[in-house]
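Presented below is the structure to which this report refers.
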Amino acid sequence: MGDLIRYAIVGLGRAGWDIHVAMLRSRPDMRIVGVVDPEPSRVDQAVREFSCQPASSLDHILTMPGIDVVVLATPSRHHADEAIACLSAGKHVVVEKPMAMSVAESDRMIEAAHQSQRHLFINQSYRYRPELLHLKAILASGVLGRIFHVRHNTTSFTRRNDWQTLSKFGGGLLNNTGAHYIDFTLQLLPGRVTEVMGDLQQIASAGDVEDHVKALLRTDARATADIEITMAENLPANLPKWTLCGTTGTAVSDGKTTTLRYFDPRQAPPIQPIEGAAPDRRYGNDDILPWQEKMVSAADYAEVSLYDNVHGVLRGTDKIFVTPESVRDGIRVMEMIRNSSSRFTA
């Protein structure tokens with residue numbers, strides 16, 4: 001393989017065109033050489049711009065010579081089978097989120113990558129964002145102490161009616177938006193999730209899948225998470241997106257700017273319980289902590305590029321930034337949420 005990496009794009013819709021083609025379009029080290037989409041006008045548009053080869057199907061793509069990487073931007077339910085077919089044909093694969101519909105499918109994909117000795121990249125795009133990178137840096141600084149709770153809210157009131165509202169395509173808010181924010185939360189939450197209570201409801205959108213997700217998570221490191229992702233709540237726009245609670249402070253973030261309120265435990269006076277009647281019948285005491293406050297901007301962190309990472313991994317100069325195994329853990333938690341909700345609604 002020379003310096004130029006040659007791509008085929010399967011699916012030229014919102015993700016295929018607006019995300020992957022947009023990222024590949026101006027890169028001199030990458031070229032789009034094949035495309036397939038059920039809409040002929042989309043294929044014609046790609047052929048005109050890139051002088052690439054049109055294909056009638058994924059099988060057709062896999063018979064075309066000179067393709068190094070296949071990008072799968074297809075409905076979610078097809079990801080596993082399509083990725084396995086590409087890997088088995090000796091192609092590297094970039095697949096859109098969600099990686100798969102289940103842990104079993106994820107395991108099949110990972111095994112196919114190992115067997116074929118090809119790389120499997122998942123566009124878990126929020127992992128690359130300054131929003132996550134700067135929150136992880138705050139946690140790594142230790143200023144909040146031990147993290148014992150993470151809270152996330154993504155809310156709107158939107159009546160959706162596209163293919164993401166249909167179960168036959170793997171739609172639903174958990175697979176769509178939840179695939180981002182469950183994975184994101186796991187990057188902030190200490191330990192491995194062992195217990196879940198989930199609730200999935202269809203409130204406002206068309207179709208037959210949920211547009212409201214509520215999940216409570218607990219890990220083996222004594223940490224919990226409260227996640228609410230909904231398209232059925234018309235709430236004020238200034239609600240915190242992320243709240244990180246630690247033993248020495250709290251961080252509240254809108255994803256762009258984070259406010260930290262914290263104290264140095266070495267400067268905190270000792271405190272002991274008082275047995276018997278409360279002095280002067282008081283509910284409080286005179287405890288004063290040396291609180292500090294500062295703001296941290298996500299703008300100080302540069303976004304990681306998916307295709308820089310793909311290029312580096314395929315050239316042997318980089319390690320894969322988002323491993324399939326780490327994404328599998330998000331699929332595992334999503335499966336736990338789905339199963340928990342089914343138990344409550346049966």
Side-chain angles (χ1 to χ4, degrees), residues 97-99 124-140 143-158 164 172-201 203 210-247 249-261 295-298 301 303 322 326-327 329-338 340-341:
K97 61 81 192 168
M99 175 185 184
Q124 205 68 51
S125 59
Y126 286 25
R127 290 259 206 116
Y128 301 92
R129 291 185 171 183
E131 178 180 356
L132 175 58
L133 300 178
H134 100 282
L135 290 177
K136 290 182 70 174
I138 289 170
L139 298 186
V143 68
L144 300 180
R146 179 180 69 83
I147 299 300
F148 63 88
H149 186 63
V150 173
R151 186 180 302 116
H152 171 72
N153 291 284
T154 292
T155 63
S156 67
F157 202 108
T158 307
Q164 287 277 6
L173 196 59
L174 182 61
N175 281 337
N176 187 28
T177 308
H180 285 306
Y181 287 119
I182 299 299
D183 179 84
F184 196 124
T185 301
L186 296 184
Q187 309 313 304
L188 304 175
L189 198 61
R192 183 176 188 270
V193 173
T194 55
E195 298 177 72
V196 165
M197 187 184 78
D199 184 56
L200 308 179
Q201 295 192 46
I203 306 295
E210 77 284 344
D211 58 2
H212 174 82
V213 176
K214 182 70 175 182
L216 303 175
L217 315 179
R218 179 183 290 156
T219 77
D220 56 8
R222 296 184 299 142
T224 58
D226 181 344
I227 301 170
E228 190 158 317
I229 306 166
T230 183
M231 299 174 70
E233 296 180 4
N234 190 357
L235 299 177
N238 61 350
L239 290 177
K241 189 175 183 180
W242 295 100
T243 304
L244 311 180
C245 305
T247 53
T250 305
V252 178
S253 180
D254 62 4
K256 297 179 180 179
T257 303
T258 299
T259 300
L260 298 174
R261 298 181 182 91
M295 299 181 72
V296 181
S297 173
Y301 296 81
E303 183 160 352
V322 177
S326 70
V327 180
D329 197 48
I331 298 296
R332 179 184 70 88
V333 173
M334 289 165 60
E335 193 171 87
M336 293 171 72
I337 293 169
R338 192 173 290 109
S340 172
S341 180

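- Pairing each heavy atom of I331 with each of P98, the nearest pair is CD1-CB, 4.3 Å.
- Taking CG from N238 and CG from D254, the interatomic distance works out to 10.0 Å, rounded to the nearest 0.5 Å.
- Between T219 and P190, the shortest heavy-atom distance links the atoms OG1-O, 2.8 Å.
- More than 12 heavy atoms of other residues, nucleotides or ligands lie within 6.0 Å of CZ in R146, so this atom counts as buried by the packing criterion.
- Residue E335 holds its CD atom at 10.5 Å from CG of L174, rounded to the nearest 0.5 Å.
- When all heavy atoms of A251 and L260 are compared, the pair lying nearest together is CB-CD2, 3.4 Å.
- Distance CD1/I203 to CD/E233: 9.0 Å, rounded to 0.5 Å.
- No donor-acceptor pair closer than 3.5 Å links the side chain of T155 to the backbone N or O of L235.
- In this structure, the separation between CG on D183 and OG on S125 is 9.5 Å, given to the nearest 0.5 Å.
- Here the shortest heavy-atom pairing between A215 and I337 reads CB-CD1, 3.6 Å.
- Side-chain contact between W242 and E131 is present, with at least one heavy-atom pair separated by less than 4.5 Å.
- The side-chain contact (heavy atoms from CB on, under 4.5 Å) test with K97 is passed by exactly one of T177, N176, V327, V322: N176.
- Taking the side chain as every heavy atom from C-beta outward, V213 and Y181 never approach each other to under 4.5 Å.
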Walk me through whether Q201 and K214 qualify under side chain to side chain contact (heavy atoms under 4.5 Å, CB included). CA-CA 9 Å; Q201 295 192 46; K214 182 70 175 182; over 6 Å; no
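- Using modelled atom types, no side-chain atom of D220 and backbone atom of G191 make a donor-acceptor pair closer than 3.5 Å.
- Ring-plane geometry between Y126 and H180 is classed as parallel, the angle between the planes falling under 30 degrees on a 0 to 90 degree scale with a further cut at 60.
- Two residues are said to be in side-chain contact when any heavy atoms from C-beta on lie closer than 4.5 Å; Q124 and S326 fail this criterion.
- Atoms CZ and OG1, from F157 and T230 in turn, are 8.0 Å apart once rounded to the nearest 0.5 Å.
- Side-chain atoms of L144 and L139, non-hydrogen and from C-beta on, do get closer than 4.5 Å to each other.
- At distances below 3.5 Å, not a single donor-acceptor pair connects side-chain atoms of D226 with backbone N or O atoms of R151.
- Between H152 and I229 there is a side-chain heavy-atom pair separated by less than 4.5 Å.
- Aromatic ring pairs are classed by plane angle as parallel below 30°, tilted from 30° to 60° and perpendicular above 60°; the pair H134 and Y301 is tilted.
- With contacts defined as side-chain heavy-atom distances shorter than 4.5 Å, the pair K136/L188 qualifies.
- In this structure, S253 and G255 approach most closely via the heavy-atom pair OG-N, 2.9 Å.
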List the steps and the verdict of side chain to side chain contact (heavy atoms under 4.5 Å, CB included) for T224 and L216. CA-CA 7 Å; T224 58; L216 303 175; over 6 Å; no
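- Within the 4.5 Å cutoff, the side chain of E195 has no heavy atoms near those of the M336 side chain.
- Here D211 contributes atom CG and L200 contributes atom CG; the two are 10.5 Å apart, rounded to the nearest 0.5 Å.
- Across every non-hydrogen atom of E210 and N175, the tightest pair is OE2-N, 4.3 Å.
- In this structure, R332 places its CZ atom where more than 12 heavy-atom neighbours from other residues, nucleotides or ligands lie under 6.0 Å away.
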